[in-house]
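Note on naming: letters A, B, ... go to the chains in the order of the sequence lines (proteins, then strands), and numbering restarts at 1 for each one. Computed from a predicted structure; not experimentally measured.
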There are 2 protein chains.
Amino acid sequence: MVVPMARPASALRGHILESALHLFASGGYEATSLHDIATAVGCSKASLLYHFTSKDAILTELLTPAGEGLAALDTQLAPLDGREAAEAAVIGYVDLAMRFRREIKILFADIPGMTAHPAMGSIPGTVERLLDALAGRSTRTRDVVAAQMVLGAVFLAGASDVDVPAQELRDEMIRASLRTLRPDPGPERD
Amino acid sequence: MVVPMARPASALRGHILESALHLFASGGYEATSLHDIATAVGCSKASLLYHFTSKDAILTELLTPAGEGLAALDTQLAPLDGREAAEAAVIGYVDLAMRFRREIKILFADIPGMTAHPAMGSIPGTVERLLDALAGRSTRTRDVVAAQMVLGAVFLAGASDVDVPAQELRDEMIRASLRTLRPDPGPERD
DNA sequence: ACCATAACTGTCCGATCGGTCAGCTATGAC
DNA sequence: GTCATAGCTGACCGATCGGACAGTTATGGT
């Protein structure tokens with residue numbers, strides 16, 4: 001049987017992934033056609049489908065590292081609790097967002113269909129657990145909303161084109177996230 | 001000449017807008033076909049294009065109120081400065097996000113093509129000014145990043161399906177946003 | 001020289017999209 | 001009755017999509 005398996009690495013293959021990542025991140029997955037990618041790469045559309053079994057296979061290969069990173073964070077956070085969980089979740093999540101900024105942009109552009117993509121593992125459950133960790137395992141409305149906001153804040157701020165060096169952005173996002181999650185420093189205490 | 005103008009209100013017209021808003025918000029604009037809308041409404045695809053000049057015209061009618069609301073906030077924030085600007089921006093932005101949760105979901109699902117949609121006015125400039133207000137007119141990295149994060153936080157938390165009553169969600173989002181933007185309360189306050 | 005295989009492409013295909021158009025039906029004015 | 005008009009529809013159109021496939025060229029082992 002001549003099953004078209006994933007072809008081994010080659011010069012063109014790398015160029016395809018590179019161009020596809022760029023196009024997906026800037027224009028979205030659905031809005032980017034195989035023709036667009038082929039034009040950017042400088043090869044034929046059929047050549048793309050020689051190196052990859054489908055358009056989705058290209059996306060999968062691009063998203064897999066990010067999905068694995070998220071899964072690893074999930075595992076790492078599982079045994080932690082309370083403030084420890086929240087802080088580890090913040091740092092881990094921010095680092096993840098920084099490392100996969102372009103991949104996040106792809107997800108961001110096609111949320112509805114993308115969050116269910118197999119390459120990202122079971123997003124719903126993973127995200128739910130990440131939220132739980134960010135909230136320090138608390139179910140109080142205040143903490144749940146704050147966790148949800150940190151999730152969105154880092155997600156969007158990481159994908160945005162803020163004119164700030166990466167290292168600085170990372171540190172500020174961590175600080176701001178912890179500020180968001182920490183109890184109010186007002187007169188009342190709990 | 002017989003220019004097909006926007007038809008006046010009618011029962012079916014209302015149902016179309018209602019169904020379209022629901023479908024766009026849950027599945028995204030691009031991913032929702034006229035056939036999908038027609039099926040949901042229970043009429044023919046051609047009937048949609050009798051009441052609306054195009055698919056885009058449906059979207060425009062759905063997004064226009066949100067665009068006007070954003071423009072109004074823009075005007076309201078213009079004369080304010082510093083902490084006053086930041087707090088007014090937070091409250092105004094959160095209220096806007098709450099009022100147009102479903103519309104935001106539409107934008108969220110098709111960011112690349114949607115942020116440039118005429119119905120939302122000149123998004124880039126408006127968002128930039130909103131960010132400036134959120135940062136309290138500061139250009140310090142810390143404040144700029146925090147503002148960007150609040151923007152994303154409210155945007156996503158508002159569009160998410162958190163199981164929290166609207167009023168409570170609004171108040172918590174405002175509190176958390178102010179926490180994010182507020183200067184660090186010294187090394188340790190607790 | 002021969003040939004198997006890899007790398008690549010031109011061309012075609014079915015599906016689906018947004019949109020057009022001629023025509024059907026119901027209603028109300030005269 | 002007659003006629004204009006509003007509301008609505010089935011059938012069709014061109015464009016574009018992802019993908020299939022036969023065929024061409026380049027390469028390296030024997």
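Here C:dA7 presents its C1' atom at 15 Å from NE2 of A:His15, a figure rounded to the nearest Å. Rounded to whole Å, the distance from CG on B:Leu48 to P on C:dC17 is 13 Å. Going from atom CG of B:Asp36 over to atom P of C:dT16 covers 11 Å, rounded to whole Å. To the nearest angstrom, C1' of D:dA20 lies 18 Å from CZ of A:Phe52. When rounded to the nearest whole Å, the span between NZ of A:Lys55 and P of D:dA20 equals 15 Å. Residue B:Leu49 contributes atom CG, which lies 14 Å from atom C1' of D:dG10 at whole-angstrom precision. Taking atom CZ of residue B:Arg13 and atom C1' of nucleotide D:dC8, one finds them 15 Å apart after rounding to whole Å.
Contact detail for A:Leu169 and A:Val164: the closest heavy-atom pair is N-CG1, 3.6 Å. A:Met149 approaches B:Glu172 most closely through the heavy-atom pair SD-O, 4.5 Å. Nearest heavy atom pair, residue B:Leu12 against residue B:His51, reads CD2-NE2, 3.7 Å.
B:Lys45 contributes a side-chain N or O that forms a donor-acceptor pair with the base of C:dG19 under 3.5 Å.
The side chain of A:Ser44 places no N or O atom within less than 4.0 Å of a non-bridging phosphate oxygen (OP1 or OP2) of C:dC8. Between B:Ser33 and C:dC17, a side-chain N or O to OP1/OP2 separation shorter than 4.0 Å is present. Residue B:Tyr50 has no polar side-chain atom (N or O) positioned under 4.0 Å from OP1 or OP2 of D:dC8. A sub-4.0 Å separation between OP1 or OP2 of D:dC17 and a side-chain N or O of A:His35 is absent. An OP1 or OP2 oxygen of D:dC8 is reached within less than 4.0 angstrom by a side-chain nitrogen or oxygen of B:His51.
When only modelled atom types and interatomic distance are considered, B:Asp36 and B:Ser33 share a side-chain donor-acceptor pair under 3.5 Å.
Residue contacts shown for A:Leu34 are limited to sugar-phosphate atoms, with no base heavy atom under 4.0 Å away.
Here the nucleotide nearest the side chain of B:Ala46, chosen from C:dG19, D:dT9, C:dT9, is D:dT9. Of all nucleotides listed (C:dT9, D:dG19, D:dC8), D:dG19 comes nearest to the side chain of A:Ser54.
For the pair B:Arg102 and B:Phe24, the minimum side-chain heavy-atom distance is 4.5 Å or more.
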